[in-house]
Amino acid sequence: MDVKRDILWRVYLSFLGVVLLSFIVLGRAVYIQRFQGNYWRSMSDSMHQKFVELDAERGTIYSEDGEMLSTSVPYFDIYIDFGADGLREKNGKRFKENIDSFSIALAKFFTDKSSSEYKKQLKKAYADKERYYLLHKGLTFEEYKEFRAFPLVRLGRNKSGVIAEVQSKRLNPFGLLAKRTIGLARNNAQNVGLERTYDSLLKGTTGKRLVRFLSGGAAVPVNGYEIEPENGKDIITTIDIQMQDIVESALAKMMVQSESQYGTCILMETKTGKIKAIANLGRGKDGNYNEALNYALQATEPGSTIKLATLLAVLEHGSSSINDYISVGTTGNSYVGVRNVNDAERAPKPVLTLRECFAHSSNVGMSIVAYKAFANEPDLYKNYLQKFHLDKKTGIDLLGEGNPRLPKLKRNKEGLHAMITASFGYAIQVSPLQTLMLYNAIANDGKMMKPYLVSSIKSNGLTVREFSPVVLDEQICKSKVIRDAKACMEAVATEGTAKDVFEDFPFAVAGKTGTAHVADGNYGYHDGVYQASFVGYFPADQPEYSCIVVIKTKPHAALHYGGQLSAPVFKEIATKLYAQYVEGKRTVPLNLVPDSSFFQYAGYAADVKNVFTILHVTHTDSASKSNWSSVYNNNYKPVVKAGAVSKNTMPDVKNMTLKDALYLLENMNMKVVIKGRGKVVAQDILPGANISKNKAVTLLLD
């Protein structure tokens, strides 16, 4: 019994010990969680490190004339690490000496709090040893430059604890101009336009940075552990910003005047296929117009502008000539083959030539010649449409182009009906860009060019890829057919449906009006919605530009014909472009002999003056005490003029030697790319432009 009692006593004692130890462990756990939780969590966070991605600086989209169409603007979020050694050394002496002046500067600059409020909040954050205290978000670059001169901040990051995180925001400096085509890079939605098409080139390559996470999840960079991102490439477009403004303004004026639903206008360089301007305006619920959708790429029933394809087909087929007579009647309607065909307006006389049928946009006349040519083989008409590239996308370097739709043209009654209907612009869907491409081919003597929007891609100022004009078809029709088609298109402006618009016009134009009655699911024919078009080229004798204007009207609009809505827009664009871009090119230049005594140099002022002194050259010194100067001749006498050089502003280094240009620019922390030999004749960053650290500039020497 004594042995048993002894064993039980030991068991009970061990059990009580285990229970007591459990209570101690549990109590300690509760104490740590309740009273020391924040401390240990912050310790855990401070030991948590990982690599995070660094976004590269997105490339800029430029117009062909060098204007920025879409660019990234830096914004700065300002934080303070109150645990920084520089702030806490010597019992916080540096912080205490600067807190008053720093608070006053913040209050004056941001004007959102008083200096006493700033001081109180900063002192509290310092006492709490906050490692990632948010001071202010969203400073612009100009604001950040001022902020860096504040007391405490100007001592540098290690001594002040100030951390500036750079964010970027994508902007279109020209606002509405070509906004849908250029697009926007967006974080919360899919990119559109060129921003989407060339996203992989624009966004660059992300870098990596090692960060240490502090209490509350804030992340602080760890110095020395960073892989720099590779900035995105720049896109140089074919768009001319002045032409774009002319096109957009002319279209917008008509849209507002007519209260139309949407409109699009495309301007193409005839010989190359370059898109020089593209406007897309849609009416919002508030009645204002904005670039919401790229209507230029959407396939719709074109109406009478497709009659050019019909004209080319019957002329190429050889079944008709432009001087053949066609009886269109006096009632404005006629039964052709298997269906009744109506003209929007009665023909001026009962019998018209094919040229006059085209000029007056007679549905009856065009369907008669189509029936004559293809009554027994309507599918042959489709072959011609395919020959004119109307069965496929244009291939423009812009995502979102709609697919064209051709009718099913079988050798039966349904196929014949569809062929006749398509001959004057229904039962077929093509985009405005496709229509323009066909008309541009006629302007270009039968050579069809692929439309394109990007001319080159640059990286750090150097061209890494160039895009040249692409010929889709060297000759879409016989030369005589092209000449006859041109004559018919010129007749539209001189005696046909656009006669009133171009009467007494100072130069010849060629084109075609189009009016399509819209029934697209949203609207029926009873709603009275029309698509009004005009497409053509100018000057007619030596075409420089082709242009299409397409406007979708409001229901039951009083003005709904292509000659009433779209032709006036074309006229305004042609008038301004002819005066600014065409007429000057035709002026015979004077054969001037250059002045052999003219010279111009630039460089370090002391060196320039020293050369003149050694060579005993008399000169006028206007440089004063400036370090940099330019030299030019005035009445055969050299003049040394002061050169303007200021911090964070691009200097003019043209006419400098490479030695001087490198010395100046590299001391401004710029990266210099050199092309050629000799002195500097050009620079790709304009003088006076704002520059940042490590900004790349390309110098052309000759």
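Scope of the values below: all heavy atoms of this structure, side chains included, with no hydrogens, waters or symmetry mates. Sequential numbering from 1 along the given sequence is applied to the chain's residues.
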Any donor-acceptor N or O pair under 3.5 Å, side chains Glu572, Thr575: no
Distance in Å, Lys392 NZ paired with Asn403 CG, rounded so as to fall on 0.5 Å steps: 12.0 Å
Tyr381-Thr310 side chain donor-acceptor pair, cut-off 3.5 Å: yes
Intermediate values then yes/no, side chain to side chain contact (heavy atoms under 4.5 Å, CB included), Val492 and Phe358: CA-CA 7 Å; Val492 172; Phe358 186 88; 3.9 Å; yes
Polar contact flag, side-chain donor to acceptor under 3.5 angstrom, Lys349-Thr330: no
Within-4.5 Å side-chain heavy-atom neighbours: Glu291 and Glu248: yes
Gap separating the CD1 atom of Ile548 from the OG atom of Ser566, nearest 0.5 angstrom: 8.5 Å
Any side-chain heavy-atom pair of Thr515 and Ser533 under 4.5 Å: no
Side-chain donor-acceptor pair present, Thr421, Arg339, cut-off under 3.5 Å: yes
Asp65 versus Ser63, side-chain donor and acceptor atoms under 3.5 Å: yes
Donor on one side chain, acceptor on other, Lys450 and Thr394, under 3.5 Å: no
Side chains of Met243 and Lys276 in contact at under 4.5 Å (non-hydrogen atoms): yes
Parallel, tilted or perpendicular: ring planes of Phe505 versus Phe502, cut at 30 and 60 degrees: perpendicular
Test item: Ser431 and Pro404 side chains (from C-beta on) under 4.5 Å apart, heavy atoms: no
OG1-CE distance between Thr435 and Met437, expressed to the nearest 0.5 angstrom: 9.5 Å
Test item: side-chain donor near acceptor, Ser319 and His317, under 3.5 Å: yes
Tyr530 and His517 aromatic ring geometry - parallel, tilted or perpendicular at 30°/60° bounds: parallel
Any side-chain donor near an acceptor of the partner, Lys307 and Asn363, under 3.5 Å: yes
Pair Ser455-Glu64, side-chain donor/acceptor within less than 3.5 Å: no
Within-4.5 Å side-chain heavy-atom neighbours: Phe388 and Leu312: yes
Residue pair Glu259, Lys554: steps toward the salt bridge (charged side-chain N to carboxylate O under 4.0 Å, His left out) verdict: CA-CA 7 Å; Glu259 298 180 345; Lys554 65 180 181 180; 2.8 Å; yes
Flag for Gln580-Gln242: side-chain donor and acceptor within less than 3.5 Å: yes
Separation of Ile442 CD1 from Asn444 CG (nearest 0.5 Å): 10.0 Å
Of Arg411, Lys408, Lys410, the residue whose pairing with Asp379 passes salt bridge (charged side-chain N to carboxylate O under 4.0 Å, His left out): Arg411
From CA spacing to verdict: salt bridge (charged side-chain N to carboxylate O under 4.0 Å, His left out), Lys480, Glu316: CA-CA 9 Å; Lys480 185 180 186 309; Glu316 187 79 357; over 6 Å; no
Side-chain heavy-atom pair Leu267, Asp240 within 4.5 angstrom cut-off: no
From CE (Met255) to CG (Asn288), nearest 0.5 Å: 12.0 Å
Distance-only polar pair, side chains of Asn280 and Thr264, donor-acceptor under 3.5 Å: yes
Working for ring pair (Phe, Tyr, Trp, His ring centres under 6.0 Å), residues Phe570 and Tyr537: CA-CA 9 Å; Phe570 181 99; Tyr537 54 85; 8.9 Å; no
